[in-house]
Amino acid sequence: VELLADPPSDEEITLPLTLAVEPGQDAPFALTSRAGTLRCYDLQAGKLAFELDEAHATRAAFAHDTLVLALRGELRAVDPAGGSTRWRQEREISVHDLAVGRGTLLALGQQRGEQGTERVLEALDVATGLALWRVALGPDPVFSLATVGGHVLVAHAFVSSVASMLERG
């Protein structure tokens, strides 16, 4: 067994981050967060690829050789080889989950609306961060997001929804 990460000190907790990839693909990286520092480990090379300070990431996704991080108040796409920023986007939407399907980044989140908190599903171009489409899901709690083929699966409090939204463009 080879150790890729340094063990934490008594005062720090290392948290793994979920990395969304295309269905059927293995994640090429492992991500951890400790004391506000994000670390990306290249699993094939067996070494640390990069570190980002002040990167309080909650979720991440990988597609088209781009790593997208859901940070506090922003989405940021980085080069996984060294961590340099490819694009960044300030967000009013709080991102709760990310998924990848057919090379499209899907962001599930919530925003303040006229009648309280609303859930939103948005498809983004991984290379540019541009929004491809957006769907309001209403006020019901949404728990998770997944893709299968050309379908987006959204599980929420009352029923699971399946939509062929990846076919839109």
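Along the sequence shown, residues are numbered consecutively beginning with 1.
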- If you take all heavy atoms of Ser33 and Ala55, which pair is closest and at what distance? OG-O, 4.5 Å
- Item | Salt bridge present between Glu51 and Arg39 (N-O < 4.0 angstrom) | yes
- Message: Could you list the cluster mates of Val21? Members are the ILVMFWY residues connected by side-chain heavy atoms closer than 4.5 Å, either directly or through other members.
- Response: Leu17, Leu19, Phe29, Leu31, Leu38, Phe50, Leu52, Phe62, Leu67, Leu69, Leu71, Val78
- Using modelled atom types only, decide if a donor and an acceptor are shared between the side chain of Ser84 and the backbone of Gly82 within a distance under 3.5 Å. no
- Nearest heavy-atom contact between Ala81 and Asp79 is N-OD1, 2.9 Å
- Task: Examine distances only and state if a side-chain atom of Gln44 and a backbone atom of Pro28 form a donor-acceptor pair shorter than 3.5 Å.
- Result: no
- Message: Would you say that more than 12 heavy atoms from the other residues, nucleotides or ligands in this model lie under 6.0 Å from the CG of Asp26, or not?
- Response: no
- Query: OG1/Thr117 to CZ/Arg119 distance, rounded to the nearest 0.5 angstrom?
  - Reply: 6.0 Å
- Message: I'd like to know if Leu106 and Val135 are part of one continuous hydrophobic network [Ile/Leu/Val/Met/Phe/Trp/Tyr, side-chain heavy atoms within less than 4.5 Å].
- Response: yes
- Task: Would you give the length of the straight line joining atom CD of Glu122 to atom CZ of Arg91, rounded to the nearest 0.5 angstrom?
- Result: 4.5 Å
- Query: Between Ala61 and Leu105, what is the shortest heavy-atom contact and its length?
  - Reply: CB-CD1, 3.5 Å
- Message: Could you measure the distance from the CZ atom of Arg59 to the CG atom of Asp97? Nearest 0.5 Å is fine.
- Response: 5.0 Å
- Query: Rounded to the nearest 0.5 Å, how far apart are CG of Asp125 and CG of Leu130?
  - Reply: 6.0 Å
